[in-house]
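Input: a single structure, listed below in structure tokens.
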Protein chains: 2
Amino acid sequence: MVALSRSGTSQAERRPATSARQRIQLGTLNERVGYFVRRLQVWIFQDFIRTLKTAQIRPAQYSVLVLIGANPGLSQAELADALGIERARLVRLLDGLDGRGFTQRLRSTKDRRSHALFLTPAGRKMLDRLEVLVARHEQHVGERLGSARRTALIRLLRDFG
Amino acid sequence: MVALSRSGTSQAERRPATSARQRIQLGTLNERVGYFVRRLQVWIFQDFIRTLKTAQIRPAQYSVLVLIGANPGLSQAELADALGIERARLVRLLDGLDGRGFTQRLRSTKDRRSHALFLTPAGRKMLDRLEVLVARHEQHVGERLGSARRTALIRLLRDFG
DNA sequence: TATTGTTATACTCTATAACTATA
DNA sequence: TATAGTTATAGAGTATAACAATA
């Protein structure tokens, strides 16, 4: 690090090389919602993954557990549709969660093509534990964005789904 | 679509099977900023890719072209840092853009390790064309979110970077 | 015929580590 | 030694297409 206390130095001189980005112009990117939404999403996911490192659960896995917990017996097609992911992708996600004993696929009695999804007792317990960690993550987001802005943001986006 | 004008039908009856997702509970996902930000980001990128299909340019490629255009001569390390992507990833991105004749890597005279990045005339022309398509995309976002909400969102997130 | 879950493939993106050439 | 660009690899995520079982 470079000492900041010296006087009479130009901006360029008193700034370490790694902060040079502050001088870079965003140009028309400044008008692109997608750019800012993407930057925020990447930051949020990185913090989520870091904060839930001990549980070894990623955002997509968490959302699957929450939705099964809140809608026991729903099918894979319904779940994939609700989360906006491909049926094909959900298969692998559930393979992993099943393998760790958190979820269960039971063949539906009404339609023998489909599976009814449930949390196991271990899955429920895991989800309870996750919610504590996720609350901590959500607090990081609040610290980063400012609590008021976080609330404004979630209110703004909730209608979107 | 199912006619909505009939009376005396229950909610469940007048809803087609593919909209069953409307009945699914989001549970605690309702309080997670990351969930909504991710859903919006995916939607925005999908529309971006669709709208710029004819130009065969994806969001990351667009952001690279804009930043080089606004900061001619910057280095790969600076660019990667400004966009929050890995140096390693930028190499491949630039390989593609160089190969299509849009960008140029010149060895820096000051520090012979680094490259000074520039748009070629073809790259500048391409970028001008892209901005027209991106403006169209941005309008789609406005239609989807509501124009006022889009403005509020971009203002809210701009400070974040 | 259409849908559900599944398998398979290709590509994008993230995250790391290691190498080379320069500094 | 440290940094810039590069190569390589592994894993997550997206997008498709095709298949068997069932409707």
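Basis for what follows: all heavy atoms, side chains included, without hydrogens, waters or symmetry-related copies. Each chain gets a letter, A, B and so on, in the order its sequence line appears, and its residues count up from 1.
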Salt-bridge contact B/Arg158-A/Glu31 (side-chain N to carboxylate O under 4.0 Å):
yes
Decide, yes or no, whether a salt bridge links A/Asp95 with A/Arg105 under the criterion of side-chain N to carboxylate O below 4.0 Å.
yes
Give the nucleotide from the list [options] with an atom nearest to the side chain of [X].
| X | options | answer |
| --- | --- | --- |
| A/Glu86 | D/dT16, D/dT7, C/dT6 | D/dT16 |
| A/Ile85 | D/dT14, C/dT16, C/dG5 | D/dT14 |
| B/Gln46 | C/dT7, D/dA15, C/dA15 | D/dA15 |

Is a donor on one side and an acceptor on the other found under 3.5 Å between the side chain of A/Thr103 and the backbone of A/Asp98?
yes
Are any of A/Gln76's side-chain N or O atoms less than 4.0 Å away from OP1 or OP2 of C/dT6?
yes
Counting just side-chain N and O atoms, does A/Arg87 come under 4.0 Å of either OP1 or OP2 of C/dG5?
no
Nearest whole Å is fine: how far is C/dT12 P from A/Arg38 CZ?
14 Å
Before giving the answer on side chain to side chain donor-acceptor pair (under 3.5 Å), spell out for A/Gln41 and A/Arg38 the whole-Å C-alpha distance, their side-chain angles and the decisive distance to 0.1 Å.
CA-CA 5 Å; A/Gln41 183 263 307; A/Arg38 173 61 172 173; 2.8 Å; yes
Return the orientation label for the B/Phe48 and B/Phe45 ring planes: parallel under 30°, perpendicular over 60°, tilted otherwise.
tilted
Verify whether one side chain among B/Tyr35 and B/Arg39 offers a donor that lies under 3.5 Å from an acceptor in the other.
yes
Quick one: which protein N/O atoms are closer than 3.5 Å to N/O atoms of nucleotides 19-23 of chain C? Pair and distance per line, please.
from: C/dA23; atom 1: OP1; to: B/Arg112; atom 2: N; distance (Å): 3.1

